[in-house]
Number of protein chains: 2
Amino acid sequence: MDKRTVLIVDDEEEMRLLVGMYLENAGFRCLEAGDGDEALAILAQQPVDAVLLDVMMPKQDGFAVCARIREQSDVPILFLTALGEEWDKVKGLKLGGDDYIVKPFSPGELIARLEAVLRRARRSREQNGRLQFGELAIDEKGRTVAVGGEMVKLTLKEFDLLLFLAKHRGQVFSRDDLLVKVWGYDYTGNARTVDTHVKTLRMKLKDAGRHIQTVWGIGYKFEG
Amino acid sequence: MDKRTVLIVDDEEEMRLLVGMYLENAGFRCLEAGDGDEALAILAQQPVDAVLLDVMMPKQDGFAVCARIREQSDVPILFLTALGEEWDKVKGLKLGGDDYIVKPFSPGELIARLEAVLRRARRSREQNGRLQFGELAIDEKGRTVAVGGEMVKLTLKEFDLLLFLAKHRGQVFSRDDLLVKVWGYDYTGNARTVDTHVKTLRMKLKDAGRHIQTVWGIGYKFEG
DNA sequence: CACATTTGTGAAAGAAGTTTGAAATCGCGC
DNA sequence: GCGCGATTTCAAACTTCTTTCACAAATGTG
């Protein structure tokens, strides 16, 4: 299981721990930063799926940090703001924040907002032709695939097959379905060809090959 | 692989080594200078992608060196400043520095700032119609191309094709796409024409020709 | 447990796409 | 209209990918 990673930026350790607990209960992996500099350092080092950013911080406020993050990354940012700072909403969202949540908040609300922001980010990425499943990244326009940052060279059919399955993740397709959808309706070859491509895909994708699953008696599916 | 080159200017050797180590771990090539004169000498001799400039130096402080660099170059400059010299920020940035970073800093923060500055510089160059990929430089307005400082003479179609691909780097185009985008929607010739132009481009660009990649079964793309 | 069916694998033939060199054609300046 | 560089066409040589096939391994069944 690859957990999604959230970076919590808040000067108060207590708040970080509290939020971190909520998130970990909900199955996220948490990183913490006490100020903007730490946050930037972490973001530069490892991929993060979302940032929770406190607005009120001593050294640099959340908006300044948000602006600096946006210089180098379009990671989704969710502001945490105390009651009565509502005016900040506009300011924050204009600066490239994706949502804001007013303290005090319930675990449920936090998770719901976070999931919503992550869903939106995923959709937006997919509209740009970039699919991401944990360590597996697929770039439709560039026709490239990377596993854990490492480029993997795929042939035409391998790429098309992977892309199709990934775009329709969760759905099972028979070999004949795949021949029609990926090879074209007028393809007349042997259905076992699909097996061979699945084999090479799994081999080339290493660990990430587990996304392509065999459904015995039916065919294959991509599980993301 | 063409590494990006960073010039570190600091009177303390220890600091130069430390920073140099950080940068080399992050895949940069490092040059070092102990004072402003050395720095200028190096800048005059070889292309540098960014300068890290210590503010506090005995012979000539960082601001003076920055001003002298700016007389001859618009290379991005990142100041290194000790805590408590915050006022220097304004002065530094006004003098043409692109960012500043307060010591002590983490490797992650250094790299993040540096990448941000380099990205900004690239965007600004591109808005002026100058694209740069390692040793390959394309000037859209002047319709000239240079590889490692050496001018390369391209014909009309060669230049248009290269420019289009470079502007849309990372994206794959079929030969037919390219005929429409570069030759015009009403072009009716043979798609193999593209191959020939790619061939001559690769030949003329020498090493830099590797930026133009064949995507088997689809077409070509520029990888920068 | 033995049998039937389905899936995985490795190697090799076959198919398809790309590169290359040379020749034909185009088109602009003179 | 001529000359010359630029552009396009063409086909052979070459490279890479795709498919097939036979057998091994795994899974489900009576």
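First the proteins, then the strands, lettered A, B, ... as listed; each starts at 1. Worth knowing before you read on, the calculation uses all heavy atoms, side chains too, and leaves out hydrogens, waters and symmetry mates.
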For the residue pair B:Gln46 and B:Thr5, confirm or rule out a side-chain donor-acceptor distance under 3.5 Å.
no

Annotated protein contacts, base or backbone, on nucleotides 3-12 of chain D with a non-hydrogen cut-off under 4.0 Å, one of B, S, - each
---SSBBS--

Does the plane of the ring in A:His211 sit parallel, tilted or perpendicular to the ring in A:Phe133? Use 30° and 60° as the thresholds.
tilted

Hydrogens and angles aside, do A:Tyr100 and A:Arg113 bring a side-chain donor and acceptor to less than 3.5 Å of each other?
no

Given atom CD1 of B:Ile218 and atom C1' of D:dT16, what is their separation to the nearest angstrom?
14 Å

Without decimals, in angstroms, what is the distance between B:Asp195 CG and D:dA13 C1'?
15 Å

Which residue lies more 5' along DNA chain C, comparing A:Val215 with B:Tyr220 via nearest heavy atoms
A:Val215

Outermost DNA chain C nucleotides near chain B [under 4.0 Å, heavy atoms]:
C:dA16 to C:dG21

As a check of understanding: the bend across the helix from C:dC1-D:dG30 to C:dC30-D:dG1, end axes from five pairs, rounded to 10 degrees, works out to 40°

What nucleic acid atoms does A:Leu179 come within less than 4.0 Å of, heavy atoms only: base, sugar-phosphate, or nothing?
nothing

Answer yes when A:Lys3 and A:Asp49 have at least one side-chain N-carboxylate O distance shorter than 4.0 Å, and no when they do not.
no

Parallel, tilted or perpendicular: which one describes the rings of B:Tyr22 and B:Phe105, with boundaries at 30° and 60°?
perpendicular

Whole angstrom value for the distance that separates C1' of D:dT16 from CZ of A:Arg143:
15 Å

For B:Arg192, run the side chain to side chain donor-acceptor pair (under 3.5 Å) check against B:Asp195, B:Asn190, B:Thr196 and tell me which one passes.
B:Asp195

Do you see a donor-acceptor pair shorter than 3.5 Å between the side chains of B:Ser124 and B:Arg130?
no

Can the ring centroids of A:Phe222 and A:Phe164 be said to lie less than 6.0 angstrom from one another?
no

If every non-hydrogen atom of A:Glu223 is compared with every non-hydrogen atom of A:Gly170, which pair is closest and at what distance?
OE2-CA, 4.1 Å

Any side-chain heavy atom of B:Tyr220 sitting closer than 4.5 Å to one from B:Ser174?
no

With a 4.5 Å limit on heavy-atom distance, are the side chains of B:Val198 and B:Ile212 in contact?
yes

